[in-house]
Amino acid sequence: MTVGILCYASVGGSGIIATELGKLLAARGHHVHVFSAEPPVRLTDYQAGLSFHRVETPAYPLFREPQYLLSLANKVVEVASQDPFDLLHAHYAIPHATAAYLARQVLLANPATRAPKVVTTLHGTDITLLGADPSYRDIVAFSISQSDGITTVSESLKADTRTNLGITAPIDVIPNFVDCQFYRRREVPGLRARLGLDGRRVLIHVSNFRPVKRPAAVIDVFAAVRRDVPATLLMVGDGPELAGAVHRARELGVAADVQFLGIQEQVVSLLSLADVFVLTSTQESFGLAALEAMACGVPVVASRVGGVPEVVQDAVNGFLHHVDDLAGMAASCRRILTDDDLRARLSDAARRTADGQFCDGKVVPEYERCYERVLAGA
Ligand code: GMT
């Protein structure tokens, strides 16, 4: 199949899944074109069958803002004239579902070109935060319902899509995935010592530090743990809440034991040092960062929100708590860090969960089957 993938390139789960899917589809013999404003973070090496198209948004004095939606749809139409698409796959509804719809309408109107089918994958905040906002709602709901196939990354997000946007069309739940060969525990010799972690337990948090992730709450959890356990917290990522998290660490007197490592493209070496992954989000349709940690054998302590319980099973591969129960999260971290048997049991279960349900080899064929159904008009 010739597939066009429309996605955000910035650090974020939807862009990561879109890019990894593109690479794996190309490896399975499909022709894949990835469209984004900049090269996606995980698209680094040349790969046969995979090309990247940068969406330029030329400035003009009359425009107060870049015209990304128009440029993206136009770019898709332009590329389609060279390599006609069987299918466009929009990741994150705003505005990718709309751009895919628009591009398809343009191609449909031209008898010399083939009109592609459209699949939209909903990732989370496109539905739970932005999609329901009256500023976007009607167009987002329309664009999604015009797609030939709709997928969500969890059952929870499917329910939110029905409730928030009133979408009644069939929705397939296709969970997020990891490359299980790549995401596995493998400690880089000497790294633990270089980070000053010898003899210490290690907590880790990885995110884009947006308000929904509540990184300052991760610091609160850590400060409570740190009172009893010699431990270090690795904070990986960057975003608008970083300054608040740094401030909170100073305020609680734990700054010396928190390392803010900024954006790291490869987190396996860091996850491989960790004993527990902390996720205090107020909303999380899936929690890809938690899954990446679990694949590296790191148990997760998280808020019981959205699709997180579909990934993290309480007392099996981590612990779940009410979003406001930071003391409970700290108590669970303390248990994991101080009970070697429990930690080993949860760690094995975390890896088994990733292996059993969320490996690329299992999930990517689900997308292929979805494409085939859509192309067959089923
Ligand atoms: O978490 C974010 O704010 C980024 C966002 C994205 O689209 O990049 O993440 C959402 O999609 C990820 C991939 O499907 C999910 O793993 C995240 O849970 C989801 N984030 C939220 O629902 C807050």
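Ligands are counted one by one from 1 in listed order, and the atoms in each one are counted from 1 as well. These numbers were taken from a predicted model, which means no experiment stands behind them.
- Aromatic pair Tyr101/Phe142: ring centres closer than 6.0 Å.
- At a 3.5 angstrom cut-off on N or O pairs, Gly13 counts as close to ligand 1.
- Of all atoms in ligand 1, numbered sequentially from 1 with element shown, those under 4.0 Å from a heavy atom of Ser14 are 6 (C), 7 (O), 8 (O), 13 (C).
- Applying the side chain to side chain donor-acceptor pair (under 3.5 Å) rule to Ser147 yields the partners Thr120; only residues at least two apart in sequence or on another chain are considered.
- Close approach of ligand 1 to Arg210 is summarised as follows: ligand atoms under 4.0 Å from at least one heavy atom of the residue are 2 (C), 3 (O), 4 (C).
- Under 4.0 Å from ligand 1, heavy atoms of His123 appear from its side chain as well as its backbone.
- Ion pairing between Asp360 and Lys23 fails under the 4.0 Å rule for side-chain N and carboxylate O.
- Of the polar atoms of Val153, none of the N or O atoms is found under 3.5 Å from an N or O of ligand 1, judged by distance alone.
- The closest non-hydrogen atom to atom 21 (C) of ligand 1, taken over Lys213, Glu292, Glu284, comes from Glu284.
- Using a 4.0 Å heavy-atom cutoff, Asn208 is listed among the residues neighbouring ligand 1.
- For atom 16 (O) of ligand 1, the choice among Leu288, Thr128, Val308 with the nearest heavy atom turns out to be Leu288.
- Ligand 1 is never approached by Gly306 to a heavy-atom distance shorter than 4.0 Å.
- Annotation: His89 is in aromatic contact with Tyr371 [ring centroid separation under 6.0 Å].
- In summary, Asp220 and Arg248 engage in a salt bridge, as defined by a charged side-chain N under 4.0 Å from a carboxylate O.
- Using a 3.5 Å distance cut-off with no hydrogens or angles, the side chains of Thr128 and Asp160 do not pair a donor with an acceptor.
- Those atoms of ligand 1 that come under 4.0 Å of a heavy atom in Gly124, given as number and element, are 22 (O).
- In this structure, a donor-acceptor pair under 3.5 Å is absent between the side chains of His53 and Glu78.
- Within a 6.0 Å sphere centred on CZ of Arg114, heavy atoms belonging to other residues, nucleotides or ligands number more than 12.
- The N/O atoms of Gln283, backbone and side chain alike, include none that comes under 3.5 Å of an N/O atom in ligand 1.
- The N/O atoms of Val212, backbone and side chain alike, include none that comes under 3.5 Å of an N/O atom in ligand 1.
- A cation-pi arrangement is not found for Arg185 relative to Tyr183, the charged atom failing to lie both closer than 6.0 Å to the ring centre and inside a 45° cone about the ring normal.
- At a 4.0 Å heavy-atom cut-off, ligand 1 touches Tyr92 through the side chain alone.
- Counting heavy atoms under 4.0 Å from ligand 1, residue Leu129 does not touch it at all.
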